[in-house]
Structure formats: C-alpha cells, structure tokens
There are 4 protein chains.
Amino acid sequence: MALDTRERVRRAAVKLFADKGFHGTGIRDLATESQLSTASLYHYMGSKEDLLVDIMRRCLQTLLDTATAELADVEDPATRLRKLVKLHVRAHARMPRETRIVDHEIPVLSPAVRRSVIGLRDSYERLWADAVADGVEAGVFTTAHPGVTRLALLEMCTGVARWYSPRGSLPLDELASHYADVALRAVGACSQSAAEGQSRGE
Amino acid sequence: MALDTRERVRRAAVKLFADKGFHGTGIRDLATESQLSTASLYHYMGSKEDLLVDIMRRCLQTLLDTATAELADVEDPATRLRKLVKLHVRAHARMPRETRIVDHEIPVLSPAVRRSVIGLRDSYERLWADAVADGVEAGVFTTAHPGVTRLALLEMCTGVARWYSPRGSLPLDELASHYADVALRAVGACSQSAAEGQSRGE
Amino acid sequence: MALDTRERVRRAAVKLFADKGFHGTGIRDLATESQLSTASLYHYMGSKEDLLVDIMRRCLQTLLDTATAELADVEDPATRLRKLVKLHVRAHARMPRETRIVDHEIPVLSPAVRRSVIGLRDSYERLWADAVADGVEAGVFTTAHPGVTRLALLEMCTGVARWYSPRGSLPLDELASHYADVALRAVGACSQSAAEGQSRGE
Amino acid sequence: MALDTRERVRRAAVKLFADKGFHGTGIRDLATESQLSTASLYHYMGSKEDLLVDIMRRCLQTLLDTATAELADVEDPATRLRKLVKLHVRAHARMPRETRIVDHEIPVLSPAVRRSVIGLRDSYERLWADAVADGVEAGVFTTAHPGVTRLALLEMCTGVARWYSPRGSLPLDELASHYADVALRAVGACSQSAAEGQSRGE
DNA sequence: TATGAATGAGTCTTCATTCAT
DNA sequence: AATGAATGAAGACTCATTCAT
C-alpha cells in the first residue's frame, strides 16, 4: 500500500522538524526528504507553519483522545494517574519526534495559532492536574505541592521522548509500569495498592 | 558597575537563543538586543555558533564544577544524590535560559564542537550515574533499572528550567528539597534516613 | 535564435571575470549583466566558483580536443608545433576572455578543483612539450633549453589574448602563421622546410 | 638592519597582491602579513589603492630608468633590442611579483590614476617600439609586422615572471641571453652579428 | 606610534513562496 | 498533479575605513 503523498510530506516534516528544528529545516530539505520539488510541496501543504501546526495538533489530539477514552470510567485517582503516566510514556516512546516537536517548537508559532495549540495542550494537562487534585482531595495522595508534583511528573515522562530507544533492554510496557511506580511513589501513594493490582490486567 | 560589552552580547544571546532558538535568532536580533550594529557584534564574538558554544560550555562547566565541589567529601550515596538533585534543580531554576539552551540546541552544533560539548555533559551525568550505581551497590537504593531511573530523574529535574518562576509560592530551597525527596523515593531510599537528616543543615 | 538563459549567464560571467577579475566581479554585477535578479541567478549556476570552473574547463577542454584532433595523424614535429601555435593563437584571439580567465584566475580556485583544472591544463601543455621534445630528438629542432623554449613560446602565444583585436590590420590567419614562423625560428627549425610547405594546405 | 615598517607593509602588499590579487586581498590580510593591526596599517599607507599604485609606479619606474640608462649611448638597434630583452627578462625573473601586479591589476585602478600608470608603461614600451622600428628602418631587422612582433616579444619576456624560479638549472644570465637570441631570430636579425659579439662583454 | 572600537555598505548565498505552464 | 522559473527579503558574515584614546 503506497504511502499517500500528503502523508509522505508529513513524515518528512516530522523527521526534519524533530531532528533539525523548525527554523533549522528549509523548504528544500522538506522537498528532498519528500522526494518532491519545492513547488510540488505546496500542493500538499499550506505554509511551512501550517505543516507544523498540523503535526502538533494531531499529536496533541491523539494524546487527548486516548487519555480521555482510557479514563472514561475510571474513578480511582491512583489508577487514573497510573493510566496517564503509562499512556504518556508509551506515546512519547512511540512518537518521540512528534512529541518533541510539540515540546520544543510551540514558541515559533504565530500568536493566534499558538493560543489554540496551547489550549489543546492545557486540556490534556488538565487531566493530569485533575487526577492529582482528586487524589489529594480523596486523601490517597500525600504531596505538599500538587502543582509542582504534576509538573515534575510530566517533565519526567515527557523526557522519555529524548532518550528512549526500542532497542533498549527494557520492554516498553515494563518501562511504562516502572514510570507509573515512580509517579505513585512521588505522590505518596502506596504502590502495592489496588492501583497496582488493577494494572495487571492492562 | 557598567556591564562590559562582551558580557552584554552574551546575555543578549542567552535570552534570544533560549526564547527563539538558535536558528530562530538572527544576527540582527542579537545586534539589536546588544545595542550594537551587526558589524560591531563581530568584535565581540567569533561566529554565531562560537557564541552558542561559549554559552553551553560555561553552563556545563559551572554545573560540573559546582557538583564536583559539593560532592568532594561526601561518601553516602543518598546524600550525594540528594545534593545532585538540589544543585541541579537550583541551577536550572536560576539559569533556566542557559540550561534550556544546552538542552535544546546541541544538535545544531557542528560535529567537532558537538563532541566536546557532549563530552562535558557526559562528565556531569556520570556523577549522577555513579551516585545511583553506588547506592544500588551499597544496598541503600532499590531500583530495578538504575539507568532508566537516572534518566527519569535527570529529565524531571531539568524540566524545572521550563516552568519555574521566582514569583511562584514555593521558595527555591523548598522546591529543591521537594525534588530531592521525590528522587530518593524514586530510587527506593528510605527518606527518613541519615541523608534527610543531614540535609537539614544545608 | 533566443539565447538560453544558462548561456546568457555564462557569457555575462566570461565578460565580467575577464574584465574585472573573479574577485572584482560581484554577484550583483553578474545578475545585472545577465538581466536576472541575484536570486534567479542561482537557478542557473551553483556558486560563483562553479561558474568560474565551468568556464575554465570548457575553455581548456576545447583547446585540448581541438589540438588532439588536429595532431591526430601528424608525424612531423615541425608541422605539429606549427599546428599547435596556429591553433593556440587562433583560440586566444577568438576567445580572449575565456583564455585570460584561465590564465589569471587559477589561483583563486579552491584546492580540490584547482588540481583538476591544472591537470587539464597540463594535459594540453604536454602536447607542446612532446612536440618540442620530439623535434629535438629527431634533430630537426636545435634548442639548448627545450623546456624554457616551450614556456617562452606558450607565453608569447597566450599573450595574444591580451592585445589582439579583430579590427587590427593583420588577418588572423596571417597572424597565426606569423607566430608559427617565429616559433619555428625560435626552435631553430629551418622555416623553408617541409613543415612550411605542408602548412599551405591548411 | 631592521626593516622599516613602511617597507614591511609594501612587501606584504607585493606578496599578497601578486598571490591573491588586489580584490582577493583584504585589509586584514595585509595587516596580518605586516604584523600590524588594521588601524595601524593606515599610518603607513593611504588607501589600499594607493598602496597598489605605489607598487606599480615603483616597478615601472625602475624598469624605465634602468632601460633608459642602459640604452643611453647605444646606437645599434640589434644591441638595443638585445639589451631590452635581457633587462626585461632579468627584471621579471627578479621581481616576479611586482611585475605580475603591473601586468594583472591595471584594470582595477580608478580612471585618473590608471591613465598615469598606463602612461608610464607606454613610455617603457616605446623604447621597445623604437628599437624595433629603428632596426627595420636600418634594414637590420626583417619583420613583416613590427607592431605584432614587438607585442609577441614583450609577452614572451613578461611571461618569465609567471614561471621562473631561481632554483631552475639555467642561470639567469644565460636565460636572458637565450631570450635575446630568440628575440633577434624573431626579428630576423642574424644572431651571429655584432650584436651578439658586443653582448659578450656584459 | 599604535590600536580597540565602531560602522555603513557590501559580500555570497539561501529563504519561503508564487506563478505560468 | 507537477514543476521550472522567478524573486524580494533575509541569512551570516566581511569589507575598507575612521576615530578617540
């Protein structure tokens, strides 16, 4: 099944934006990587920035949709946090370039579109904030500074995109579980709790 | 105390490289920010890349020197890790731009200089690796995957540079201590240990 | 017959490089002379140096090909030298700019490409060296210093490019013959020899 | 005897202008080669062009003065031509850089100064033209095209500056004599004539 | 005498983008 | 759908020169 050209352009952009940065990637680089002429490129994209926005939105939307779906009927805060961590780690390990682009290139966006992308990111992060807040409120998490903790965990998990390699010795699922353990310890939740037990079924 | 021009250029670069990225910063931006003409700029720097390298090296060297000094006569692995975390967090909170530049812009360096900068970074990270490994060997840390744990902690602490604001409610020293607690929990060290006790004096 | 743009650029470059020198010719000069914008110029050339190399190679290749063809089945050294001189003079009179560029601008080439251009030039000059050496060996030339003589003759003939004008009173063929006579006298060949006779058929 | 600074600058310029061309030589190059700062350079020269003009004028004046002195009381055209050739060859062998600069860089001069330099050059070349014309008039030279012959000889002799090396096997005096022989043959003067005899005393 | 600082105009080259075909 | 041609603006950097010290 041949790769549709539009998709080829997107993949080229993901690769280059992640590896060389948005400003470090030229239209010619994109054209070469897409095996297209620079002029043809413009049949499959709007501007260079449109391409960037498209990549960012898809990535964030995927994250948001997946998380929303997974958390749909989960009440227990520990389980919710556990699921968020695992999902986040897995996503960043599997789409390291897309997530790194979201992580690095937001400041290059023009104001209007930046706001909307940040809105999307905030929606996603609110899921984390809520999970932590709920846990604290329910008394299952004991952390003096929930906001800080949330940021610390997010950064830790996001960092996976900067070093994970599928050739590493630790299988991705175990890695994700390991991160979840660290996270639960960080919020002071007993990791031998039901949350852990429930996770066995995943 | 008038700021020497060379220093003014460096600060301009730190600001712009951190906020707009290396490739997103033009020579004109640097000149404007330094209150110099583009031609004059070149009296105070070699190339744009030289400026970047200078910033990176200073930052990493500071980190390395400080850490080396602090760990000089500390034997206990828990205390060492605690010190590393606090120092790292403080450095990233106080020099967020410099550290973000190190974090983001290494790939834009030309190969020769990149190697040397990476060497410096690796020297610093080895301090972390050693602390973790020693703790595991000594039986005070219990972590199934020391390498992964080290990366997770580093990313978590480095992330501080991306969100910390001195206007936040949590004083920096408490923030650093909080991170140290999370880190020790993450490696499975009992946080009521001597390490914690010793840290009270800091 | 409209002149193809690539050719227009080449001609502009030949004119300017010859008249103002490579370093004395700016990209703007080339653009103006080619009736193109500076950016458009780069559709038709690589770098300024590429353009120079192209001009040099074409010129030397033409010289080499023509000479090789003309000498193909000529045995007599005097006739060979005579043909070389006439061909060289004619070429330098007809392509004075191209040959002057080859003559003046080789030192500006970057090392790698310079070597290859010099190689081409040496191949051509070897035809002269061989002709002189053969004549000396056969006893038809009497010159104490064949190497010096070759250089003297080459410089003399090359100089034509620096002063010849088609508006001069002497027809080019006669000029070339005149030079050939001087050359044969210089190597001590009797100019009433068969060489002279044979040349009538040209 | 320490080299006076002004002279050091001049020598640096001679070297660089000859090797890299006037436009290929930057003020910084001159400063480095002179072991001076660029600003200091301007204590010892006017503009870059002034330096060039100075070099050219000195070279041409030397040539003109020497030739005038040598020809002062020589009547015989063959001897005069012989002397001119030898002197020209020797000068170009001994001052190859200065003469090459005169040869290559006249077109870069601004119109006013160019005219005066060309005037100097023409004065010198007139000595050649006169020698040839006198020889033809006196019947000792037989050349169908005196003007062309003069140019051919001049170019031939000037070319020495482009290849001569003091490490070559042929002593300079012999080289000069050899060129004189070729020249006299070229104008159809019997080289076993009095001219040759007279030259033994040189 | 000597130079660090300064600069407007210039260098070559690439930028992202449009458009006619 | 695809692209060669075209370009104004910008990229990093150097130019020759001046001037205050």
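What you see is a predicted model, and the numbers here were worked out from it, not measured in a lab. Per chain, numbering begins at 1; letters A, B, ... match sequence-line order.
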All side-chain hydrogen bond (donor to acceptor under 3.5 Å, both in side chains) counterparts of [X], not counting sequence neighbours:
X	result
A:Glu105	none
A:Arg10	A:Glu7, A:Asp54
C:Ser116	C:Arg57
A:Ser34	none

In plain terms, say whether B:Glu33 and B:Lys15 are close enough for a salt bridge, that is, a side-chain N and a carboxylate O under 4.0 Å apart. yes
Which residue, B:Arg6 or D:Thr5, contacts DNA chain E at a nucleotide closer to its 5' end, judged by nearest heavy atom? D:Thr5
Which residue pairs pass the ring-ring contact (aromatic ring centres under 6.0 Å, His included) test when at least one of the two sits in residues 15-37 of chain B, sequence neighbours left out?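 Output for this query lists B:Phe17-B:Phe22.
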Side-chain N,O (C:Ser40) to OP1/OP2 (F:dA5) below 4.0 Å: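 It does not, given that no N or O in the side chain of C:Ser40 lies less than 4.0 Å from OP1 or OP2 of F:dA5.
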Check whether any side-chain N or O of A:Ser37 sits under 4.0 Å from OP1 or OP2 of F:dA2, and answer yes or no. no
What's the [atom1]-[atom2] distance between [X] and [N], to the nearest Å?
X	N	atom1	atom2	result
D:Leu52	F:dA16	CG	C1'	15 Å
D:Gln35	E:dT3	CD	C1'	16 Å
D:Leu30	F:dA16	CG	C1'	11 Å
D:Lys20	F:dC15	NZ	C1'	13 Å
C:Leu41	E:dT11	CG	P	13 Å
C:Asp50	E:dC12	CG	P	14 Å
B:Arg8	E:dA6	CZ	P	8 Å

Contact list for DNA chain F against residues 9-16 of chain B - heavy-atom distance below 4.0 Å: none
Just to verify, what does [X] make a side chain to side chain contact (heavy atoms under 4.5 Å, CB included) with, not counting sequence neighbours?
X	value
D:Asp50	D:Ser47
C:Ala161	C:His92, C:Pro96, C:Thr99, C:Arg100
D:Arg114	D:Ile106, D:Leu109, D:Pro111, D:Ile118

Might you point out which heavy atoms bring B:Leu16 and B:Thr25 nearest each other, and give the distance in Å? O-OG1, 3.2 Å
The dot-bracket string of DNA chain F, counting Watson-Crick and G-U wobble pairs with both distances under 3.5 Å, using [ ] for crossing pairs and | for pairs to another strand, is .||||||||||||||||||||
Can you give me every donor-acceptor pair (side chain of residues 35-45 of chain B, partner residue at least two apart or in another chain, under 3.5 Å) with its distance?
residue: B:Ser37; atom: OG; partner: B:Ser40; partner atom: N; Å: 3.1
residue: B:Ser37; atom: OG; partner: B:Ser40; partner atom: OG; Å: 2.8

Tell me, for nucleotides 16-21 of chain E in 5' to 3' order, what letter each nucleotide earns: B for a base near a protein heavy atom under 4.0 Å, S for only sugar-phosphate near one, - for neither? SBBB--
